[in-house]
There are 2 protein chains.
Amino acid sequence: MPKPPTIHDIAKAANVSPSTVSRVLTGSTPVTPDKRAAVLAAIDALKFKPNLVARGLARGQSMAIGVLTQSMSSLFFGELAQGIDSHLRGGAYHPVYATGQWQLDEEIEALHLLLERQVDGLIILSGGMPDNAIRAVAAQMPVIVVTRSIPGLEAQCLPTENYQGAYQATRYLIELGHRRIAHITGLLTIPDAVERYNGYCQALRDAGLEIDESLIAEGAFTEESGVQAADVLLQRGVAMTAIFAGNDQMAYGARLTLYRHGVQVPDDMSLMGFDNLSSSAYATPPLTTVRQYMYEAGVAAAEGILRLLSDQAPNLPSFAPDLVIRASTAPPR
Amino acid sequence: MPKPPTIHDIAKAANVSPSTVSRVLTGSTPVTPDKRAAVLAAIDALKFKPNLVARGLARGQSMAIGVLTQSMSSLFFGELAQGIDSHLRGGAYHPVYATGQWQLDEEIEALHLLLERQVDGLIILSGGMPDNAIRAVAAQMPVIVVTRSIPGLEAQCLPTENYQGAYQATRYLIELGHRRIAHITGLLTIPDAVERYNGYCQALRDAGLEIDESLIAEGAFTEESGVQAADVLLQRGVAMTAIFAGNDQMAYGARLTLYRHGVQVPDDMSLMGFDNLSSSAYATPPLTTVRQYMYEAGVAAAEGILRLLSDQAPNLPSFAPDLVIRASTAPPR
DNA sequence: TTGTAGGCGTTATCAT
DNA sequence: ATGATAACGCCTACAA
């Protein structure tokens with residue numbers, strides 16, 4: 001295979017110096033129209049493509065924005081990534097993804113890879129990186145953190161309003177008339193899960209309802225854990241008319257358990273999620289849930305990074321959670 | 001912000017030449033233990049990280065494998081990507097993703113970006129790139145194409161057995177006793193959709209059943225198109241006892257339409273998908289579908305690229321489709 | 001406006 | 001085994 005042409009090749013072909021070629025490529029300096037035309041002609045005659053690696057070295061910037069995410073096959077992270085992707089599209093910067101697979105060691109490795117690749121900025125989506133590590137990186141380069149709130153780095157964080165969202169969700173069920181409301185928590189080692197749990201508890205208290213431990217089961221954010229948690233709830237044999245799951249995926253799992261046991265949703269049991277994954281609109285019945293604005297968060301994060309890269313304040317918005325009312329909830333009968 | 005240390009810095013700190021530092025970094029040449037130790041010490045004293053951009057320029061390879069995909073928030077592509085990701089993990093090569101968003105122009109742009117970034121190999125996931133364009137790239141560098149079959153490039157393609165899978169699916173429904181089987185096709189401008197449609201038709205014919213145009217509705221692979229196609233079928237008022245959708249997503253959509261119309265699945269209507277998205281196991285009821293081995297295909301593609309990169313035959317496997325029988329199908333009543 | 005001459009951080013080829 | 005030295009492809013002062 002012949003080696004791809006370089007600016008020297010097209011310089012020769014166009015009878016100009018390499019610097020002139022570079023100039024028409026970058027537009028940094030005016031170039032005489034005829035020379036410019038010659039260069040352009042040579043460029044597509046030889047099918048020249050600039051080598052971004054070399055350019056990155058020379059310029060000291062890669063035009064890449066690292067996105068530290070957890071998995072390529074997660075709708076949660078996928079919608080965030082899609083937001084980032086679409087906002088960056090057409091611009092000068094491009095996203096480069098690295099996944100942590102929900103494992104700290106892999107996440108650290110992924111971060112290192114991104115840094116070694118000389119990304120110009122970093123968007124961190126959730127994950128378990130220690131606050132200190134994130135602060136350390138943020139001292140070196142523009143960083144935006146989504147779905148977390150790092151003390152001392154608030155301006156660059158786009159946290160999730162877990163507490164507020166869970167409070168609203170629970171309150172909604174209460175207002176429908178439910179009194180025995182179960183909760184399937186997320187992994188309680190993760191702040192989001194705890195905050196949502198707290199929101200659930202507070203909403204109950206504010207309504208003068210007791211918090212009944214037997215109505216609470218711990219999950220792990222996965223569908224399968226939702227299946228199991230719902231099984232636990234059902235087997236306890238305690239009365240309940242609604243289940244509020246810590247995220248949509250666990251709600252799907254719980255839904256499956258209910259289906260297997262012949263429990264009708266929403267007639268026998270209301271079901272509520274958290275996240276508003278795109279697929280929740282197509283669940284059976286469509287899932288009532290807490291909207292998380294993940295796509296929008298991705299867009300905002302991308303915009304924030306671009307602002308940081310141009311030395312402006314990141315100016316991150318905050319998304320107040322709201323409910324997406326669908327057919328999986330109804331008054332108790 | 002202080003500039004990150006280079007090998008020169010640690011060379012100075014360790015009283016050796018830059019080349020020696022490079023040697024301990026790459027392990028290309030033996031280095032005296034004490035000098036080696038000094039270098040290593042300096043490396044983590046100064047928190048040195050090799051600059052992969054510079055290394056890429058010098059070595060003439062980026063150690064990156066481009067993955068041309070369509071969307072970051074698609075389970076279909078996500079599971080493929082996850083397979084690639086996991087197989088590459090820990091190895092010398094890393095994936096770099098670029099998305100086409102199902103638009104040819106963006107896909108071409110994405111491909112160019114990958115090439116300009118000097119990826120050492122390319123995995124193309126589905127998409128609409130003209131065969132010629134793919135062949136042209138394949139002439140320049142290792143390429144694996146998943147979910148498509150490019151004439152003249154068969155050894156590097158990992159196609160989907162659409163025809164066979166659809167045939168099996170339809171045959172399964174027939175064997176259950178169904179006679180009036182509807183089909184929601186994918187976008188018929190895409191070969192996969194046509195092949196699945198053909199498989200459906202042939203299975204009917206082989207069973208001595210007529211192909212009834214009024215049982216066929218065209219979709220576009222999306223949930224929403226499934227909703228609409230199912231609506232069309234229902235509104236035609238023709239008798240049917242089963243629906244075979246061209247993919248899982250359209251099956252979800254169809255499921256929603258059936259739900260809205262109070263049609264029970266599988267009691268009143270059997271429903272079948274194609275792809276076996278991970279979420280299909282948690283649908284209500286769990287969806288019977290054609291297993292597509294997307295994760296495995298991703299793994300195989302990654303392995304194929306690595307083999308090509310080391311000048312071996314790609315040696316791609318072929319996955320015979322099989323059925324994943326779940327509760328959304330039953331004999332007609 | 002244009003060309004020449006470094007330099008970006010690393011690797012690889014030479015000698016030593 | 002080790003250290004200069006010359007690339008890698010592009011960019012950017014600096015000169016002209």
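Just so it is clear: chains get the letters A, B, ... in the order the sequence lines come, proteins before strands, and each one is counted from 1. Note that this is a predicted model, so its numbers are computed, not measured. These numbers come from the heavy atoms of this one structure, side chains and all, not from hydrogens, waters or symmetry mates.
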Atom pairs and distances, donor-acceptor, side-chain atoms in residues 50-58 of chain A, under 3.5 Å, two or more places apart:
{"from": "A:Asn51", "atom 1": "OD1", "to": "A:Val53", "atom 2": "N", "distance (Å)": "2.8"}
{"from": "A:Asn51", "atom 1": "OD1", "to": "A:Ala54", "atom 2": "N", "distance (Å)": "3.0"}

TODO: Rounded to the nearest 0.5 Å, what's the gap from CE on B:Met63 to CG on B:Leu88? Could you check?
DONE: 10.0 Å
Task: Whole-Å gap separating C1' (D:dG9) and CE (A:Met63) - done: 17 Å
Task: A:Tyr97: ring pair (Phe, Tyr, Trp, His ring centres under 6.0 Å) partners, not counting sequence neighbours - done: none
- [ ] Go through the structure and list residues passing salt bridge (charged side-chain N to carboxylate O under 4.0 Å, His left out) with A:Glu106, not counting sequence neighbours.
- [x] B:Arg89
Open item on the list: Whole angstroms only, please: what is the CG-P distance between B:Asn51 and D:dC8?
Closed with: 18 Å
TODO: Verify whether one side chain among A:Asp120 and A:Gln61 offers a donor that lies under 3.5 Å from an acceptor in the other.
DONE: no
Task: For B:Thr29, all residues meeting side chain to side chain donor-acceptor pair (under 3.5 Å), sequence neighbours excluded - done: none
Task: Runs of at least three Watson-Crick or G-U pairs with DNA chain D, cut-off 3.5 Å - done: C:1-16 with D:1-16
- [ ] Please figure out whether B:Leu57 or B:Asn15 has its closest DNA chain D nucleotide nearer the 5' end.
- [x] B:Asn15
Task: Leading and trailing nucleotides of DNA chain C with any atom under 4.0 Å from heavy atoms of chain B - done: C:dG9 to C:dA12
Task: Distance below 4.0 Å between B:Ser17 side-chain N/O and D:dG3 OP1 or OP2 - done: yes
- [ ] Would you indicate what B:Val16 reaches in the nucleic acid, counting non-hydrogen atoms under 4.0 angstrom: base, sugar-phosphate, or nothing?
- [x] sugar-phosphate
Open item on the list: So, using ring pair (Phe, Tyr, Trp, His ring centres under 6.0 Å) as the criterion, who are the partners of A:Phe319 when residues are at least two apart?
Closed with: A:Tyr293
Is there any protein nitrogen or oxygen under 3.5 Å from a nitrogen or oxygen in nucleotides 12-16 of chain D, and what are the pairs?
none

Tell me which donor-acceptor pairs under 3.5 Å the side chains of residues 144-159 of chain B have, and how far apart each pair is, sequence neighbours excluded?
{"from": "B:Thr147", "atom 1": "OG1", "to": "B:Thr160", "atom 2": "OG1", "distance (Å)": "3.4"}
{"from": "B:Arg148", "atom 1": "NH1", "to": "B:Gly127", "atom 2": "O", "distance (Å)": "3.1"}
{"from": "B:Arg148", "atom 1": "NH1", "to": "B:Met129", "atom 2": "O", "distance (Å)": "2.8"}
{"from": "B:Arg148", "atom 1": "NH2", "to": "B:Met129", "atom 2": "O", "distance (Å)": "2.8"}
{"from": "B:Arg148", "atom 1": "NH2", "to": "B:Asp131", "atom 2": "OD1", "distance (Å)": "2.8"}
{"from": "B:Glu154", "atom 1": "OE1", "to": "B:Gly152", "atom 2": "N", "distance (Å)": "3.1"}
{"from": "B:Glu154", "atom 1": "OE2", "to": "B:Gly152", "atom 2": "N", "distance (Å)": "3.1"}

Cut-off 3.5 Å, no hydrogens considered: what does the side-chain donor-acceptor table look like for residues 32-39 of chain A, sequence neighbours left out?
none

Report all side-chain donor-acceptor pairs from residues 73-84 of chain B shorter than 3.5 Å, counting only partners two or more places apart or in another chain.
{"from": "B:Ser73", "atom 1": "OG", "to": "B:Ser71", "atom 2": "OG", "distance (Å)": "3.4"}
{"from": "B:Ser74", "atom 1": "OG", "to": "B:Phe76", "atom 2": "N", "distance (Å)": "3.2"}
{"from": "B:Ser74", "atom 1": "OG", "to": "B:Phe77", "atom 2": "N", "distance (Å)": "3.2"}
{"from": "B:Glu79", "atom 1": "OE2", "to": "B:Ser278", "atom 2": "N", "distance (Å)": "2.9"}
{"from": "B:Glu79", "atom 1": "OE2", "to": "B:Ser278", "atom 2": "OG", "distance (Å)": "2.9"}
{"from": "B:Gln82", "atom 1": "OE1", "to": "A:Ser71", "atom 2": "OG", "distance (Å)": "3.3"}
{"from": "B:Gln82", "atom 1": "OE1", "to": "A:Met72", "atom 2": "N", "distance (Å)": "3.0"}
{"from": "B:Gln82", "atom 1": "NE2", "to": "A:Gln101", "atom 2": "OE1", "distance (Å)": "2.8"}

Open item on the list: D:dG3, OP1 or OP2 - any side-chain N/O from B:Thr20 closer than 4.0 Å?
Closed with: yes
Determine all donor-acceptor pairs shorter than 3.5 Å in which one atom belongs to a side chain in residues 11-18 of chain B; sequence neighbours excluded.
{"from": "B:Ser17", "atom 1": "OG", "to": "B:Ser19", "atom 2": "N", "distance (Å)": "3.4"}
{"from": "B:Ser17", "atom 1": "OG", "to": "B:Ser19", "atom 2": "OG", "distance (Å)": "3.3"}
{"from": "B:Ser17", "atom 1": "OG", "to": "B:Thr20", "atom 2": "N", "distance (Å)": "3.4"}
{"from": "B:Ser17", "atom 1": "OG", "to": "B:Thr20", "atom 2": "OG1", "distance (Å)": "3.4"}

Open item on the list: Within the 4.0 Å heavy-atom criterion, would you say B:Val53 contacts the bases, only the backbone, or no part of the nucleic acid?
Closed with: nothing
Task: Integer-rounded Å distance: D:dG9 P and B:Glu116 CD - done: 15 Å
